Amino acid sequence: QVLLVESGGGLVQAEGSLRLSCAVSGGTFGSYVYGWFRQAPGKEREFVSAITGSRGTTDIADSVKGRFTISRDNAKNTVYLQMNSLKTEDTAVYYCGAAQVWKWLQSRNPNTYDYWGQGTQVTVSS
C-alpha cells in the first residue's frame, strides 16, 4: 500500500552535515506517522525520530537531540532528517518506516511500523 524510498546517505567527516529524504507514495500522506531508525553492524535497530504526516508532531531520541531535526513537506510527500554535527557513532544504515497515525504513541517501537524503505548508508569518519 505504501512505498518508502530513502536517499541522501553517504560519507561525511565528523562535525559535518547530511540531509536524508524519505519519499512516500501509494498512500495518503497525512494518514501515517513516519519514523527514522538506524542500525549499525552487530547492533539492534535504534529509534532516531518520528513525525506525523498530518500536523507535524515530532519526537526525537535523546542521543541525537540538538543535532538532528525531522521535518516533512506534504506537497512533496517527503520526510526529511537533517543531521548536523555528525559523530562517528552516527554511522549506520538509516531506515524510514510508516505506520497508521493512530499508532503515534508507540512510534518509538520498530514493531509498530507497517512499511519500511530499503535503507540508506551513512558513514561518518574522523
Side-chain angles (χ1 to χ4, degrees):
Q1 183 177 345
V2 177
L3 177 64
L4 307 170
V5 180
E6 301 96 334
S7 62
L11 176 64
V12 63
Q13 285 192 310
E15 303 301 317
S17 297
L18 212 58
R19 183 193 291 266
L20 305 184
S21 298
C22 176
V24 182
S25 62
T28 301
F29 188 80
S31 297
Y32 296 90
V33 55
Y34 303 95
W36 284 102
F37 291 77
R38 64 188 183 186
Q39 189 163 21
K43 299 204 69 178
E44 298 291 330
R45 193 181 309 165
E46 177 188 18
F47 171 78
V48 177
S49 191
I51 189 169
T52 62
S54 55
R55 300 187 64 182
T57 305
T58 61
D59 188 24
I60 190 162
D62 290 339
S63 59
V64 301
K65 188 173 294 183
R67 300 188 297 119
F68 291 11
T69 303
I70 192 169
S71 62
R72 86 275 193 260
D73 186 334
N74 295 66
K76 296 182 178 179
N77 290 345
T78 301
V79 180
Y80 303 98
L81 185 68
Q82 178 67 48
M83 305 185 295
N84 299 325
S85 301
L86 282 161
K87 305 174 180 179
T88 56
E89 50 261 49
D90 296 318
T91 295
V93 177
Y94 283 70
Y95 297 93
C96 180
Q100 291 174 291
V101 70
W102 57 266
K103 297 181 179 180
W104 169 248
L105 293 179
Q106 296 81 46
S107 61
R108 291 190 171 211
N109 184 349
N111 294 326
T112 298
Y113 294 84
D114 304 299
Y115 308 98
W116 291 96
Q118 83 289 347
T120 185
Q121 176 72 48
V122 172
T123 303
V124 184
S125 64
S126 61

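We use all heavy atoms of the structure for the numbers below, so side chains are in, but hydrogens, waters and symmetry mates are not. No experiment lies behind these values; they were computed from the predicted model shown.
In this structure, Val48 is a member of the same hydrophobic cluster as Val12, with clusters built from ILVMFWY side-chain heavy atoms closer than 4.5 Å. A continuous path of hydrophobic side-chain contacts links Met83 to Ile51 [ILVMFWY only; heavy atoms under 4.5 Å]. Residues Leu18 and Val64 fall within the same hydrophobic cluster, defined by Ile, Leu, Val, Met, Phe, Trp and Tyr side chains chained together at heavy-atom separations under 4.5 Å. One hydrophobic cluster, built from ILVMFWY side chains closer than 4.5 Å, cannot hold both Ile60 and Val33; they sit in different ones.
Under the 30°/60° scheme for interplanar angles, the aromatic rings of Phe37 and Phe47 are found to stand perpendicular.
Within a 6.0 Å radius of CD in Glu89, more than 12 heavy atoms belonging to other residues, nucleotides or ligands are found.
Pairing each heavy atom of Gln39 with each of Lys43, the nearest pair is NE2-O, 3.2 Å. Taking each heavy atom of Ser126 and Ala14 in turn, the nearest pair found is CA-CB, 4.4 Å. Minimum interatomic distance between Gln100 and Tyr32 (heavy atoms only, all atoms of both residues): N-CD2, 3.8 Å. Closest of all the heavy-atom pairs between Val2 and Ala98 is CG1-CB, 4.4 Å.
Interatomic distance, Ser21 OG to Arg72 CZ, rounded to the nearest 0.5 Å: 15.0 Å. With values rounded to the nearest 0.5 angstrom, Thr123 atom OG1 is found 11.0 Å from Leu86 atom CG. Note that the CZ atom of Arg19 and the CG atom of Leu81 stand 9.5 Å from one another [nearest 0.5 Å]. A distance of 5.0 Å separates OG in Ser125 from CD in Gln13, rounded to the nearest 0.5 Å.
A donor-acceptor contact shorter than 3.5 Å links the side chain of Asn74 to the backbone of Gly53. Between the side chain of Tyr113 and the backbone N or O of Tyr34, no donor-acceptor pair lies under 3.5 Å. Of the possible polar contacts, one joining the Ser49 side chain to the Asp59 backbone as a donor-acceptor pair under 3.5 Å is found. Under a 3.5 Å cut-off, the side chain of Arg108 and the backbone N or O of Ala50 do not form any donor-acceptor pair.
No option in Leu11, Thr91, Leu20 other than Leu20 meets the side chain to side chain contact (heavy atoms under 4.5 Å, CB included) test with Val122. Among Glu46, Glu44, Glu6, the single residue meeting the salt bridge (Lys or Arg N to Asp or Glu O under 4.0 Å) criterion with Arg38 is Glu46.
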Given the rule in the side chain to side chain contact (heavy atoms under 4.5 Å, CB included) test, do Tyr80 and Cys22 qualify, once you have shown the distances and angles that lead to the verdict?
-> CA-CA 6 Å; Tyr80 303 98; Cys22 176; over 6 Å; no
Output, in order, the C-alpha distance, side-chain angles, deciding distance and verdict of side chain to side chain contact (heavy atoms under 4.5 Å, CB included) for Trp36 and Val79.
-> CA-CA 9 Å; Trp36 284 102; Val79 180; 3.7 Å; yes
Dump the intermediate steps for side chain to side chain contact (heavy atoms under 4.5 Å, CB included) on Phe68 and Asp90, then the final yes or no.
-> CA-CA 11 Å; Phe68 291 11; Asp90 296 318; 3.9 Å; yes
Criterion side chain to side chain contact (heavy atoms under 4.5 Å, CB included) on Asp114 and Lys103, from CA distance to verdict | CA-CA 10 Å; Asp114 304 299; Lys103 297 181 179 180; 3.2 Å; yes
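A cation-pi contact, defined as under 6.0 Å to the ring centre and within 45° of the axis, is absent between Arg55 and Trp104.
At a threshold of 4.5 Å between non-hydrogen side-chain atoms, the residues Ser17 and Asn84 count as touching.
A salt bridge links Asp62 and Lys65; the closest N-O separation between the charged side-chain nitrogens and carboxylate oxygens is under 4.0 Å.
Counting only N and O atoms by type, the side chains of Tyr115 and Gln1 include a donor and acceptor under 3.5 Å apart.
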